[in-house]
Amino acid sequence: MDLLEDLNEPQREAVLHETGPLLVLSGAGSGKTRVITRRIAHLIRKGTEPWRILAMTFTNKAAREMKERVAQLQGEGATERPFVSTFHSASAVFLRRHAEAVGLSKAFVIYDDDDQLRLVKRIANKLGIEANPRDLLSRIDAEKNGGRLPDQMVLNGNDPRAQVVQSVYRDYQRSLRAADAVDFGDLLLLLVDLLTNDAELRVRYQRRYQHVMVDEFQDTNPVQYKLLKLLAPPGSNLAVVGDDDQSIYRWRGAEVDNILGFPRDYEGAKVVKLEQNYRSDQNILEAAYAVISKNRRRLDKKLWSARPKGELLQLLLHRDERAEAQEVARRINGLRNEGITDYANTAVFYRTNAQSRALEEGLRLARVPYTLVSGRSFYDRAEIRDASSYLRLMVNPKSDADLTRVINTPARGIGDTTVEKITEHAGAIGRSLYEVIEWPERVQGLNSGAVKRLLGFRELVERLVKFGKDAATATEAAKFMLEQTRLVSALKEEGTDEAIGRAENLVELISATQEFDKVRAETPPPSPNDELGTPPPPLQQFLEQISLVGEADGEVPEGRVSLMTLHAAKGLEFDAVFMTGMEEELFPSRRATGVEATEEDMAEERRLCYVGFTRARRRLFVSLCQQRMLYGEIKVCRPSRFISEVPQELFEFPHDMPVAPRPMKPRSYGYRADDGPQVDRTYDQSTEFSSDPTGSRVRHSTFGDGTIEKIGGQGPNAKVTVRFDSVGVKSVIARWLTPL
DNA sequence: ATTCTACGGCTTTTT
DNA sequence: GCCGTAGAAT
């Protein structure tokens, strides 16, 4: 096919750009994936060998889609494929090849955040550090994202806390190496360190990958950018594609400055702007632009659309989150009944996961089929994690995090005190737990029973390791493991519904390995000129896949409304979008409105709003509540500032909206259905009792009028004792009362 | 060693 | 309001 077919001018420019650095600023819905894939295909057509092309993405989904589309463009006959991968998977492949050079074996395992936290806890405990392990870990991660090993930490001034972090970080890295393990950050960091110090190797990679491409460049953190600079230094062919307005992962170390500074780092870079949006009606883009343009530091660009103006945005105001859910469900059915769109092309977005519950409830009651689009549930389940730990021990029994996880699962009488003793001993002699329990009698203070049980466990792991060594498939290994560990049978014996469900999940794991083995059998072996060498053994590959890829995230169930956080929404599009919980302190988040918040915090919330708006093709609903249950307390809400940033004329206010019944202190609301989208009115931010209300006259919908006698507790959820005129003294929830 | 209970704390979470 | 942790009770 003609690779330039149906491309606009700037898109063509980007596709045809062959050598030298390239920055593609691609607005939402401007066809960026199309540009990247066509460019790859174009380079191949012009004679670049596919294996000389490296394309990096952030998500597995993006990598998979890109692979598929490139393969399609390459056609059936092609035997060579470009290396399209996530940053982390690609790094894992490279790092495994040079594992010994960074103090690892080829069989190293990859720890996830849960393993990380457990390790930090253990170390903080050992070092007698009081600090919150979560905080310590996030500081360590921040160092890793910044590309700094413990010795490279910047200890400016005399922040004693930084010194504590450094010592924990040091110990943490030592423990990882002793366990022959890496965390996600290490995959990049260790590779960067290696390539920085080994010039010969660096040049080898630079020569091999003549073209490097990066998707969602605005989300790169400093280590990732460092890696890119090592693989494709200034002067080479690095093409990055991104949109600074869609940078929403700053809190995870992403650096918008990478995209802003790219033309400076890569002198002579060609800059192409993709500003034509093919997705949304104009009114939606107008609204999105109104919000995003309030950000100060952004690259100048404005999306435009040849599409019609379309419908106005609908502003939906509700009494509380239950009313919101009910109304959203009603509207979704309305869209469907009017033939505007179907369930599958409708999405409901929210800022925090906690909001999903009420929405789910509302959709269920209205019989709207929905699917919760969320992370990696299957492999997060405790029983699956246990099984994975056993599998990892088969490959690498020195992995202490895995060993401690399952040493008493299923229960075999090895308790916390025993584990503590062997851990201490292991630390003292600098060995892994697996090595220590080979001779448990050498550990001080263990009774003979404990020694015996430890030996029994050690023998179990030995059997697993022995079998794992030459297991030809992941399935074979997993089946042996389940049988030997009795994970399934122990759950079945337990007999509770929950245990049986868990046992079934473990059987599902076998389906996962079978699927993996099947795909693996169908994948052709790497071509001989591939210096990346032979792939790791099947079990190891499977483990790498579950830690880096997670669920074989395939089939989004058909015909269902999608519910997700705004973060999860990036990269998707729907005919109709509901932005729920558009309230100050919720969205924008309290963390961005508080006194400690910076301008950048708010800018990121605004980008998140922009991402949400621009997901909508035809209909955009902006929904908010007057009050909402938050952390178990009823809070009065004010409309999000983002609502008032959208020009009023872009909103349509529904007149068939049920008028909210007056909650407590009705005088303070001042926000009624017929006020329209005029949102900047006065709001009383609190339902707290402003003064001592004892003796006040109140009205209750069932009990009638009465006098408050006593306040039982704090906050609006508090119970109040009221002497009612007709029914006597009763204790009622304060929020059901109306002051008279 | 396991199970119960009280208490605090709390956005987002590509890999 | 819910969940995870820490401490006590069985």
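In what follows, chains carry the letters A, B, and so on, assigned in the order in which the sequence lines appear, proteins first and then strands, with residues in each chain numbered from 1.
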Next on the checklist: Check for me: is A:Tyr249 stacked on B:dT13 by the 5.5 Å centroid and 30° plane-angle rule?
Outcome noted: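 According to the criterion (under 5.5 Å, under 30°), no, A:Tyr249 does not stack.
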
Next on the checklist: With no hydrogens and no angle check, just 3.5 Å: does a side-chain donor-acceptor pair link A:Asp183 and A:Tyr172?
Outcome noted: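 The answer is yes; a qualifying pair exists.
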
Next on the checklist: Within the 3.5 Å criterion, strictly below it, is a donor on A:Ser399 or A:Asn396 matched to an acceptor on the partner's side chain?
Outcome noted: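 Distance-only check fails for A:Ser399 and A:Asn396.
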
Counting the atoms with a prime plus P, OP1 and OP2 as sugar-phosphate, which does [X] contact under 4.0 Å by heavy atoms, base, sugar-phosphate, or nothing?
{"X": "A:Asn353", "value": "sugar-phosphate"}
{"X": "A:Ala62", "value": "nothing"}
{"X": "A:Lys121", "value": "sugar-phosphate"}
{"X": "A:Gly571", "value": "nothing"}
{"X": "A:Leu117", "value": "nothing"}

Next on the checklist: Can you work out whether A:Thr86 or A:His567 has the more 5'-proximal nearest nucleotide on DNA chain B?
Outcome noted: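 Per heavy-atom nearest nucleotide, the more 5' residue is A:His567.
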
Item to check | 5'-most by nearest nucleotide on DNA chain B - A:Tyr631 or A:Gly415 | outcome: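 Closer to the 5' end of DNA chain B: A:Gly415.
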
Checklist entry - Any Lys/Arg nitrogen of A:Arg252 or A:Asp141 sitting under 4.0 Å from an Asp/Glu carboxylate oxygen of the other? => result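 Here A:Arg252 does not pair with A:Asp141 in a salt bridge, since their nearest N and O are not under 4.0 Å apart.
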
Checklist entry - Does a salt bridge link A:Glu324 with A:Arg628, judged by any charged N lying under 4.0 Å from a carboxylate O? => result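 Salt bridge between A:Glu324 and A:Arg628, a charged N being under 4.0 Å from a carboxylate O: yes.
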
For atom [atom1] of [X] and atom [atom2] of [N], their distance in whole Å:
{"X": "A:Arg351", "N": "B:dT13", "atom1": "CZ", "atom2": "P", "result": "8 Å"}
{"X": "A:Glu633", "N": "B:dG8", "atom1": "CD", "atom2": "P", "result": "15 Å"}
{"X": "A:Arg590", "N": "B:dG9", "atom1": "CZ", "atom2": "P", "result": "13 Å"}
{"X": "A:Asn132", "N": "C:dT5", "atom1": "CG", "atom2": "P", "result": "11 Å"}
{"X": "A:Leu572", "N": "B:dT14", "atom1": "CG", "atom2": "C1'", "result": "12 Å"}
{"X": "A:Arg606", "N": "B:dT11", "atom1": "CZ", "atom2": "P", "result": "21 Å"}
{"X": "A:Ile110", "N": "B:dT15", "atom1": "CD1", "atom2": "P", "result": "13 Å"}
{"X": "A:Tyr610", "N": "B:dT12", "atom1": "OH", "atom2": "C1'", "result": "20 Å"}

Of the nucleotides [options], which has the atom closest to the [X] side chain?
{"X": "A:Phe184", "options": "B:dT12, B:dT2, B:dT15", "result": "B:dT15"}
{"X": "A:Thr565", "options": "B:dC10, B:dT15, B:dT13", "result": "B:dT13"}
{"X": "A:Glu605", "options": "B:dT11, B:dA1, B:dT15", "result": "B:dT11"}
{"X": "A:Met629", "options": "B:dT2, B:dT11, C:dG1", "result": "C:dG1"}
{"X": "A:His88", "options": "B:dT15, B:dT11, C:dC2", "result": "B:dT15"}
{"X": "A:Leu548", "options": "C:dC2, B:dT15, B:dT13", "result": "B:dT15"}
{"X": "A:Trp251", "options": "B:dT11, B:dT13, B:dT2", "result": "B:dT13"}
{"X": "A:Asp113", "options": "B:dT15, C:dT5, B:dT12", "result": "B:dT15"}

Next on the checklist: Aromatic contact between A:Phe349 and A:Phe578, with the criterion being ring centroids under 6.0 Å apart: yes or no?
Outcome noted: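 Between A:Phe349 and A:Phe578, the centre distance exceeds or equals 6.0 Å.
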
Checklist entry - Below 3.5 Å, does any donor atom in the side chain of A:Arg252 face an acceptor in the base of B:dT15, or the other way round? => result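 In this structure, the two groups form a donor-acceptor pair.
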
If the cut-off is 4.0 Å, is [X] near the phosphate of [N], judged by side-chain N/O to OP1 or OP2?
{"X": "A:Arg134", "N": "C:dG4", "result": "no"}
{"X": "A:Arg591", "N": "B:dT11", "result": "yes"}
{"X": "A:Tyr111", "N": "B:dT15", "result": "no"}
{"X": "A:Thr57", "N": "B:dT14", "result": "no"}
{"X": "A:Asn60", "N": "B:dT14", "result": "no"}

Item to check | Rounded P spacing from B:dT13 to C:dG4 in Å | outcome: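 Taking atom P in both B:dT13 and C:dG4, they lie 16 Å apart.
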
Item to check | Which residues share a ring-ring contact (aromatic ring centres under 6.0 Å, His included) with A:Phe613, sequence neighbours left out | outcome: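 A:Phe613 satisfies ring-ring contact (aromatic ring centres under 6.0 Å, His included) with no residue once adjacent residues are dropped.
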
Next on the checklist: Check the orientation of A:Phe87 and A:Phe58. Use parallel for under 30°, tilted for 30 to 60°, and perpendicular for over 60°.
Outcome noted: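 Ring orientation of A:Phe87 relative to A:Phe58: tilted.
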
